[in-house]
Amino acid sequence: QVQLAESGGGLVQDGGSLRLSCAASGSIFRVNEIKIDAMGWYRQVQGKQHESVATITSGGTTTYADSVEGRFTISSDNAKNTVYLQMNNLTPEDTAVYYCHVLYGGSWYGHPRDYWGQGTQVTVSS
């Protein structure tokens, strides 16, 4: 019912930039007019817990992990149900699998449901 199409990962050198995109789609949004409450990006390094990188609500409120503040920018196009993550000044410590996450249907269901993307690999070489 919900699909998340992630793109933009890849290999970049230390100090480089990448832009991730994640588009949410599905009949649940078209037929029931269920709204997205928030979208965000998480990342996970193998063997470590996943961490929240950045989130943005439907109203435009953003949050960032301290480790990416000032380097990453999250934005969204609500009409397209799409979230973007502009990552600048990347370092090897940013190497991880990045997952798109969506919260939706809070007003419809009473509390929001969530869905995860399959992940996209970001590798920063030194």
Legend entry - Point-to-point distance, once rounded to the nearest 0.5 Å, from CD1 of I34 to CZ of F29: 7.5 Å
Legend entry - Spatial distance of atom CZ (R71) from atom CG (N88) [nearest 0.5 Å]: 9.0 Å
Inset, instruction - Could you tell me the separation between the OG atom of S75 and the CG atom of L85, rounded to the nearest 0.5 Å? - result: 8.5 Å
Inset, instruction - Classify the angle between the aromatic ring planes of Y42 and H101 as parallel (below 30°), tilted (30 to 60°) or perpendicular (above 60°). - result: perpendicular
Legend entry - Same cluster (ILVMFWY, side-chain, under 4.5 Å), V12 and Y98: yes
Inset, instruction - Search all heavy atoms of L4 against all heavy atoms of M39 and return the closest pair with its distance. - result: CD2-CE, 4.4 Å
Inset, instruction - Test side chain to side chain contact (heavy atoms under 4.5 Å, CB included) on N78 and I36 and set out the steps. - result: CA-CA 8 Å; N78 292 340; I36 290 177; over 6 Å; no
Inset, instruction - Report yes if the side chains of L90 and F72 come closer than 4.5 Å at any heavy-atom pair, otherwise no. - result: yes
Legend entry - Any Q44 side-chain heavy atom under 4.5 Å of Y99 side chain: yes
Inset, instruction - Answer whether the closest heavy-atom distance between the side chains of L11 and S125 falls below 4.5 Å. - result: yes
Inset, instruction - Examine H50 together with W41 and report whether their ring centres are nearer than 6.0 Å. - result: no
Inset, instruction - Could you check T123 against Q121 for side-chain hydrogen bond (donor to acceptor under 3.5 Å, both in side chains), going step by step and ending with a plain yes or no? - result: CA-CA 6 Å; T123 303; Q121 177 70 45; 3.3 Å; yes
Would you list the atom pairs, donor with acceptor, under 3.5 Å between side chains in residues 53-66 and any protein atom, with sequence neighbours excluded?
| from | atom 1 | to | atom 2 | distance (Å) |
| --- | --- | --- | --- | --- |
| T55 | OG1 | T63 | OG1 | 2.3 |
| T57 | OG1 | G59 | N | 3.3 |
| T57 | OG1 | G60 | N | 3.3 |
| T57 | OG1 | T61 | N | 3.1 |
| Y64 | OH | I74 | N | 2.9 |

Legend entry - Main-chain N/O of S126 paired to Q13 side chain as donor or acceptor, under 3.5 Å: no
Legend entry - Atom of G26, atom of Q3 and distance for their closest heavy-atom approach: CA-OE1, 3.5 Å
Legend entry - E51 atom CD, over 12 foreign heavy atoms within 6.0 Å: yes
Inset, instruction - Considering only Ile, Leu, Val, Met, Phe, Trp and Tyr, and joining two whenever side-chain heavy atoms are under 4.5 Å apart, list the other residues clustered with Y84. - result: none
Inset, instruction - Please tell me if the side chains of V83 and C100 come closer than 4.5 Å, counting only heavy atoms from C-beta onward. - result: yes
Inset, instruction - Take M87 and V122 through the test side chain to side chain contact (heavy atoms under 4.5 Å, CB included) and record every step on the way to the result. - result: CA-CA 10 Å; M87 305 185 292; V122 171; 3.9 Å; yes
Inset, instruction - Please examine the side chains of C22 and T82, heavy atoms only from C-beta on, and report whether any two atoms are closer than 4.5 Å. - result: no
Legend entry - Donor-acceptor pair, side chain of D37 and main chain of G106, under 3.5 angstrom: yes
Inset, instruction - Go through the steps to decide whether Q86 and S17 satisfy the test side chain to side chain contact (heavy atoms under 4.5 Å, CB included), and finish with yes or no. - result: CA-CA 7 Å; Q86 178 65 43; S17 299; 4.0 Å; yes
Inset, instruction - Supply the atom-to-atom distance R19 CZ to T73 OG1, rounded to the nearest 0.5 angstrom. - result: 10.5 Å
Inset, instruction - For residues T95 and R43, determine if any side-chain heavy atom of one lies less than 4.5 Å from a side-chain heavy atom of the other. - result: no
Legend entry - Within 45° cone of Y115 ring axis and under 6.0 Å: R113 NZ or CZ: no
Inset, instruction - With the side chain counted from C-beta on, respond yes when E93 and V124 share a heavy-atom pair under 4.5 Å apart, and no when they do not. - result: no
Legend entry - Sub-4.5 Å side-chain heavy-atom contact between I28 and V2: yes
